[in-house]
Amino acid sequence: MSKKNKTAISPTRDENYPEWYQQVIRAADLAENAPVRGCMIIKPWGYALWENMQASLDKDFKKTGHKNVYFPLFIPKSYFEKEAKHVDGFAKECAVVTHSRLEASSEGGLAPAGELDEPLIVRPTSETIIGEAFARWIQSYRDLPLLTNQWANVVRWEMRTRLFLRTSEFLWQEGHTAHATEEEAMAETKQMLDIYVNFVENMLAIPVIPGRKTESERFPGAEETLTFEAMMQDRKALQGGTSHFLGQKFAKASDITFMDKDGQEQYAWTTSWGVTTRMIGAMVMVHSDDNGLVLPPRIAPSQIVILPILKDDETKEKVLEYCESLKAELENKAFGDGFLNVEMDTRDLRGGEKLWHWIKHGIPMFLEIGPRDVDSNALVVGRRDKDPKERGPQSREEFLSTVVDQLEEMQQGLFDKAKAFQQEHTVRIDTKEEFYKFFTPKNKEKPEIHGGFALAHWNGSAEVEEQIKKDLKVTIRVIPNNSEAEEGKCVITGEPSKQRVVFAKAY
RNA sequence: CGGGGUGUAGCUCAGCCUGGUAGAGCGCUGGCUUUGGGAGCCAGAUGUCGCAGGUUCGAAUCCUGUCGCCCCGACCA
């Protein structure tokens, strides 16, 4: 029974990162593939994470004056055709509804019937249909700014899908706002990015690099796309969310106009911004280890699980009683915006099996309590951010007085660890040779984990972006906000550049 | 849509080449023994072998067609 080197998840991250990711999700019961191609079934433990994300972000949105709305799933094709670049960007991945009923077919079974006059597009995003409403709602500068958000599902018919990271249907929020001036709309775009970055760093403990996208990576139809990028444990980049300054493009497409103070009719300035269930995938890939999911305490559905050790009928009752009272005390402790959530697992399973179940589910803290602990008024505490072997006894009193601090320390620890990893694999590169070497695996047949973020100078041309994408599958992930002005030479062409940008392979 | 692969128990797969009517491991159910690091033994349940034709006395196995899925490319939160 040598479990010393055995990991709960196989393969390990080093052996096969993509497969490891799938196995972590499966072992943690977050989600599974649905019978419908490219779609997922989100299971209770996974959906609870999404609910916690929703609750946190929704509060931030409301605090900054946004109101929730709901628009239809279906968008008339004619609406969608209004903005040319938008069409270019999304047309290839739209699901289209063309019929309104089913009839018995001659081959048996059912066949679509009742063809619609105008096909309906299942929304890949809602700019166009919300624009139509904004045009009616907005008449005067007094109607501005108009600040809305909706929680919804969208469909983008993807070729290749992976649970949470890319699915044909996914859940998200999309904010849509309209403003009287360019400055105000730009300020909104930036504010929402700040809210996202703050959320992701503080709640999900994922360090990110905020900035803006290059023209080729922008949202179809946007004038500016702000974004934040995070580094996964395979050193690839994952775009977390985006905030778009749409200029007056969509206002012109949907005819969103208003009368300004001087009685002049003007086009409004609009923004849109969103984050998706992809955040769950990011969290899995940033924090989890070879024993399964690791959840930051603030976003975990429950922070603590109590595992009573029920040896015999004699002691069973007193152990359970002790655990119940401990649970009640813990649930009275303030944590985050509410109170601690505590699970109690009294299933009739062997202790080891039960413990590993919760380790794989990523619960931040687990308490093993048996008759010995009850007698000494103590408990055995284990933390998910440490080796399972390291767990040890604490007195009940000591534990209760430090538990919240311990969880906060864990939250911060996960962030610090991820930040250190990101910094360790972020390098400044100044020659083309070094750049190509950085992004080329040693073993081409079975690429090892390699590369990372390269901070390099860029001449600003789309040709260079295309070349490195073709040669190395590397893209410019973000032009960082905090990157200091620095004279340099484009790492590919040698042409002058004023700032370093982040190059990486991406999800 | 191009190239490759695959479909057998809830899951992972063997069996196919060389036809004889279905297997393993895991999981599940029950019993006994265990229990502070993923238990052991025993007993059980579970399948129109993706679908439709064909060859044959007989097809999971051979042939034809068809559908689904997976991997690699182009596209993407």
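Chain letters run A, B, ... following the sequence lines, proteins first, then strands; residues in each count from 1. No hydrogens, no waters, no symmetry mates; every other heavy atom, side chains included, goes into these values. Treat the numbers as computed from the prediction; the structure is a model and nothing was measured.
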- Say you pick atom P in B:A9 and the same atom in B:U48; how far apart are they, in whole Å? 8 Å

- Distance, rounded to the nearest Å, where A:D348 contributes CG and B:C28 contributes P: 13 Å

- Residue A:R26, side-chain atoms from C-beta onward, closest of B:G36, B:C11, B:G38: B:C11

- For A:W172 and B:A77, are the ring centres under 5.5 Å apart with planes inclined under 30°? no

- Query: If you measure from the C1' atom in B:C28 to the same atom in B:G47, how many Å do you get, rounded?
  - Reply: 15 Å

- Base, sugar-phosphate alone, or nothing: which one does A:T227 contact when heavy atoms must sit under 4.0 Å apart? nothing

- Task: Describe the nucleic acid contact of A:P393 in one word from base, sugar-phosphate, nothing, applying a heavy-atom distance below 4.0 Å.
- Result: nothing

- Item | For B:G44, the Watson-Crick or wobble partner whose two distances fall under 3.5 Å | B:C28

- Task: Please tell me which of the listed nucleotides, B:A77, B:G36, B:G38, lies nearest to the side chain of A:K360?
- Result: B:G38

- Could you tell me which nucleotide pairs with B:C69 by Watson-Crick or G-U wobble geometry, both distances under 3.5 Å, or answer none if nothing does? B:G5

- Kindly point out which of B:G36, B:G73, B:A77 is positioned nearest to the side chain of A:K473? B:G73

- Evaluate the ring planes of A:W358 and A:H361, with Trp represented by its six-membered ring, and classify them as parallel (under 30°), tilted (30 to 60°) or perpendicular (over 60°). tilted

- Name the nucleic acid region contacted by A:E158, choosing base, sugar-phosphate or nothing; use a 4.0 angstrom heavy-atom cut-off, strictly under. base

- Message: Would you measure the distance from the C1' atom in B:G65 across to the matching atom in B:G2 and give it in whole Å?
- Response: 22 Å

- Query: So A:F421 and A:R235, side chain to side chain contact (heavy atoms under 4.5 Å, CB included) or not? Walk me through it.
  - Reply: CA-CA 9 Å; A:F421 183 86; A:R235 306 186 208 163; 4.0 Å; yes

- Task: Could you give the distance separating B:U61 and B:G53 at their P atoms, to the nearest angstrom?
- Result: 14 Å

- Item | A:E390 and A:R383 ion-paired at < 4.0 Å | no

- How do A:I369 and A:Q22 order along RNA chain B: which one's closest nucleotide is nearer the 5' end? A:I369

- Message: Under 4.0 Å, heavy atoms only, any strand: does A:F170 hit a base, just the sugar-phosphate, or nothing?
- Response: base

- Query: Quick one: do A:D29 and A:K360 make a salt bridge, cutoff under 4.0 Å?
  - Reply: no

- Message: Need one value for A:L355: base, sugar-phosphate or nothing, where a base atom within 4.0 Å counts as base even if backbone is also close, heavy atoms only.
- Response: nothing

- Task: Name the orientation class of the two ring planes belonging to A:H86 and A:F90 (parallel below 30°, tilted from 30 to 60°, perpendicular beyond 60°).
- Result: perpendicular

- When we call it a touch if two heavy atoms are under 4.0 Å apart, what does A:T276 touch: a base, just sugar-phosphate, or nothing? base

- Query: With respect to the phosphate group of B:A39, does any side-chain polar atom (N or O) of A:R350 fall under 4.0 Å of OP1 or OP2?
  - Reply: yes

- Query: A:V380 near the nucleic acid: base, sugar-phosphate alone, or nothing, with a heavy-atom cut-off under 4.0 Å?
  - Reply: base

- For A:G370, which contact category applies under a 4.0 Å heavy-atom criterion: base, sugar-phosphate, or nothing? base

- Item | Rounded distance in Å - CH2 (A:W50) to P (B:A77) | 16 Å

- For the pair made of CZ in A:F366 and C1' in B:G38, what is the distance, rounded to whole Å? 13 Å

- Note on the structure: Taking a pair to mean Watson-Crick or G-U wobble geometry with both distances below 3.5 Å, B:C57 pairs with B:G20

- Task: Taking atom C1' in both B:U6 and B:C49, compute the distance separating them and give it to the nearest angstrom.
- Result: 14 Å

- Item | B:G44 to B:C62 separation - P atoms, rounded to the nearest Å | 34 Å

- For A:F228 and B:A77, what is the distance between atoms CZ and P respectively, to the nearest whole Å? 13 Å

- Task: Measure from NZ or CZ of A:K82 to the centre of the six-membered ring of A:Y79, then state whether that distance is under 6.0 Å and the direction lies within 45° of the axis.
- Result: yes

- Which residue, A:P220 or A:N33, contacts RNA chain B at a nucleotide closer to its 5' end, judged by nearest heavy atom? A:N33

- Let me know the distance between CG of A:L307 and C1' of B:U35, rounded to the nearest Å. 14 Å

- Query: Roughly how many Å is it from CD1 in A:I280 to P in B:A77, rounded to a whole number?
  - Reply: 19 Å

- Task: Could you tell me whether A:E353 contacts a base, only the sugar-phosphate backbone, or nothing, with contacts defined as non-hydrogen atoms closer than 4.0 Å?
- Result: sugar-phosphate

- Query: Taking a pair as Watson-Crick or G-U wobble with both distances under 3.5 Å, which nucleotide is matched to B:A39?
  - Reply: B:U33

- Describe, in one word, how the ring planes of A:F228 and A:Y196 are oriented to each other, choosing from parallel (under 30°), tilted (30 to 60°) and perpendicular (over 60°). tilted

- Message: Using atom P in both nucleotides, what's the gap between B:U34 and B:G50 to the nearest angstrom?
- Response: 46 Å

- Task: Could you check whether A:L165 gets within reach of a base, just the sugar-phosphate, or nothing at all, counting any heavy atom under 4.0 Å?
- Result: base

- Message: Between C1' on B:A77 and CD on A:E169, what's the gap in Å once rounded to a whole number?
- Response: 14 Å

- Message: Suppose you measure atom C1' in B:A60 against the same atom in B:C17; what distance do you get, rounded to whole Å?
- Response: 14 Å

- For A:Q23 and B:U12, give me the distance from atom CD to atom P, rounded to whole Å. 10 Å

- Item | Basic-acidic side-chain contact under 4.0 Å: A:K190, A:D194 | no

- Query: Looking at the side chain of A:T167, which of B:A77, B:G73, B:G38 is the nearest nucleotide?
  - Reply: B:A77

- Item | Closest to the A:A8 side chain, choosing from B:G36, B:C75, B:G38 | B:G38

